[in-house]
A.B. asks: 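Take this structure first; my questions come after.
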Amino acid sequence: MRSIKISPFRVGRHEFYRSVRGMAKSIDKEQIFSDLVEQRTKVSVPLGKQLSVVVILFIILSSTQSDLHVEIKTTLADINITKLYVVFALALATGVSVIQALNFMTVNDYVRVFSARVLGFDNANVRSASYDASGVWAHPMNISYRFFQSGALHKTFIAFSLVFILSPILLIYYMSYSYELSYLTTYLSGPNYVAYGRIISVVGLIFLIFPLVIVIFTFFPIEYVKNVKFIRWIFLLRIYTKNNGSKHDGSHWGLRQPQPGNLDPTPDS
């Protein structure tokens, strides 16, 4: 049976396009697009908050020299917290922020797909400016490829700008992951000075590793096999419905088990 290798991200994009293409037949296209832009804005808010928490906790942890406690001095009181608990909170915030970043990137790609393939516009960022003007400043970094094609200088500037914008976020994740993985693995191999400390360390490592596994799995090409039975069922269903005027569950062709409630009066057709 023929198989292909494709990333789950591309499969999800295709399923999204099929869904909204059907929705656009009964719902106003402009309303769908505005809702997508709104969802993208909603996703960006928790992403920014989670990244802020990661930065704040990392600064607090990196500013203390003790491996046991974290001291926070305020005008009201001096707070002393077990360092393992703070690292655990940082691991949770880091993992959640990775998932939120994946959410934002996916929704942003859906906006691009809907704009290009349903609305017929080339640039989703320009198209969405009337609904979300927060990214208007980045419009000069959009590649032009129709009536005016971007030259070498423009493409170089765009590539440099993307690296410049993304590098701080990637560096934050790199420093955060390096610190957390080092501390939690060291704690597992060292003395246990906190109740359930090793369990907390293992859970913290899961919070760190699992989101990365999701990201890698999302973009790594995997093997998909053609569902021949489903394709055949869809093909025969159209012929059957056209000739008999009723739906078919596929059981008469041996494609699936008879479905409960099937009252088809012509089982031998």
Side-chain angles (χ1 to χ4, degrees), residues 7-9 40-72 81-112 124-125 132 134-143 153-189 200-221:
S7 67
F9 184 82
R40 183 178 62 182
T41 303
K42 288 182 178 180
V43 171
S44 65
V45 173
L47 172 60
K49 291 181 179 179
Q50 288 295 329
L51 281 176
S52 299
V53 172
V54 170
V55 172
I56 293 173
L57 290 177
F58 181 79
I59 292 175
I60 293 174
L61 286 169
S62 60
S63 63
T64 181
Q65 301 299 324
S66 174
D67 291 333
L68 301 179
H69 302 283
V70 174
E71 296 182 0
I72 303 176
I81 308 175
T82 302
K83 192 171 186 178
L84 178 62
Y85 296 154
V86 182
V87 176
F88 177 79
L90 177 59
L92 175 60
T94 303
V96 172
S97 68
V98 172
I99 297 298
Q100 292 292 349
L102 183 60
N103 281 341
F104 176 80
M105 183 171 56
T106 303
V107 175
N108 186 64
D109 185 70
Y110 287 173
V111 172
R112 182 192 64 80
N125 293 329
D132 181 14
S134 60
V136 174
W137 64 273
H139 285 180
M141 292 186 290
N142 295 324
I143 294 181
L153 178 60
H154 191 207
K155 293 179 180 178
T156 303
F157 174 77
I158 293 172
F160 175 79
S161 300
L162 290 175
V163 173
F164 184 78
I165 293 172
L166 295 177
S167 57
I169 298 177
L170 296 178
L171 286 174
I172 290 173
Y173 280 126
Y174 173 77
M175 293 186 297
S176 178
Y177 264 91
S178 299
Y179 184 90
E180 296 160 43
L181 291 174
S182 175
Y183 184 89
L184 293 175
T185 53
T186 301
Y187 185 91
L188 285 174
S189 61
I200 293 174
S201 298
V202 171
V203 175
L205 289 172
I206 293 175
F207 282 145
L208 287 174
I209 296 174
F210 182 71
L212 291 182
V213 173
I214 292 296
V215 171
I216 294 173
F217 178 78
T218 299
F219 295 98
F220 187 81

A.B. asks: Under 3.5 Å, side chain of Ser62 to main-chain N/O of Phe58, donor-acceptor pair present?
C.D. replies: yes

A.B. asks: Measuring from atom CZ of Phe104 to atom NZ of Lys42, what distance do you get when rounded to the nearest 0.5 angstrom?
C.D. replies: 15.0 Å

A.B. asks: Start with the C-alpha gap between Leu184 and Leu208, add the side-chain angles, then the distance that decides, and say whether side-chain contact (heavy atoms from CB on, under 4.5 Å) holds.
C.D. replies: CA-CA 10 Å; Leu184 293 175; Leu208 287 174; 4.1 Å; yes

A.B. asks: Measuring from atom CG of Leu102 to atom CD1 of Ile214, what distance do you get when rounded to the nearest 0.5 angstrom?
C.D. replies: 8.5 Å

A.B. asks: Please check: side-chain N/O of His154 versus main-chain N/O of Pro140, any donor-acceptor pairing under 3.5 Å?
C.D. replies: yes

A.B. asks: How close do Ser7 and Phe219 get, heavy atom to heavy atom, and via which atoms?
C.D. replies: CB-O, 3.6 Å

A.B. asks: Kindly indicate whether the side chain of Tyr187, heavy atoms from C-beta on, has any atom under 4.5 Å from the side chain of Ile200.
C.D. replies: no

A.B. asks: Testing the basics here: between Trp137 and Ser134, what is the closest heavy-atom pair and its distance to 0.1 Å?
C.D. replies: CD1-O, 3.2 Å

A.B. asks: With a 4.5 Å heavy-atom cut-off, do Val98 and Phe210 have their side chains touching?
C.D. replies: no

A.B. asks: Determine, step by step, whether Leu90 and Phe207 satisfy the side-chain contact (heavy atoms from CB on, under 4.5 Å) criterion, reporting the C-alpha distance in whole Å, the side-chain angles of both residues, the deciding distance to 0.1 Å, and the verdict.
C.D. replies: CA-CA 10 Å; Leu90 177 59; Phe207 282 145; over 6 Å; no

A.B. asks: Looking at Ser97 and Thr94, would you say the former's side chain and the latter's main chain have a donor-acceptor pair under 3.5 Å?
C.D. replies: yes

A.B. asks: What closest approach, in Å, do Thr82 and His69 show between heavy atoms, and which atom pair accounts for it?
C.D. replies: CA-ND1, 4.1 Å

A.B. asks: side-chain contact (heavy atoms from CB on, under 4.5 Å) between Leu47 and Asn103: does it pass, once the steps are laid out?
C.D. replies: CA-CA 9 Å; Leu47 172 60; Asn103 281 341; over 6 Å; no

A.B. asks: Judged by atom type as modelled, is there a donor-acceptor pair below 3.5 Å linking the side chain of Ser167 to the main-chain atoms of Phe164?
C.D. replies: yes

A.B. asks: For the pair Ser182 (side chain) and Tyr179 (backbone), establish whether a donor and an acceptor sit closer than 3.5 Å, ignoring hydrogens and angles.
C.D. replies: no

A.B. asks: Once you round to the nearest 0.5 Å, how far does OG of Ser52 lie from CD1 of Ile172?
C.D. replies: 8.5 Å

A.B. asks: More than 12 foreign heavy atoms under 6.0 Å from CG of Leu153: is that the case here?
C.D. replies: no

A.B. asks: What distance separates Asn125 CG from Asp132 CG, expressed to the nearest 0.5 Å?
C.D. replies: 9.5 Å

A.B. asks: Check Gln50 against Ala93 and note the closest heavy-atom contact, atom names and distance.
C.D. replies: OE1-O, 3.4 Å

A.B. asks: Report the residues that fulfil side-chain hydrogen bond (donor to acceptor under 3.5 Å, both in side chains) with Asn108, sequence neighbours left out, ordered by chain and then residue number.
C.D. replies: Arg40

A.B. asks: For Leu84 versus Tyr183, what's the shortest heavy-atom pair and its separation?
C.D. replies: N-OH, 3.7 Å

A.B. asks: So, do Leu188 and Leu205 sit near enough that their side-chain heavy atoms are less than 4.5 Å apart?
C.D. replies: yes

A.B. asks: About how many Å separate CD1 of Ile206 and OG of Ser201, when rounded to the nearest 0.5 Å?
C.D. replies: 11.0 Å

A.B. asks: So which heavy atom on Ala91 is nearest to which on Gly204, and how close?
C.D. replies: CB-O, 3.6 Å

A.B. asks: Working to the nearest 0.5 Å, report the span between CG of Leu61 and CD1 of Ile56.
C.D. replies: 12.0 Å

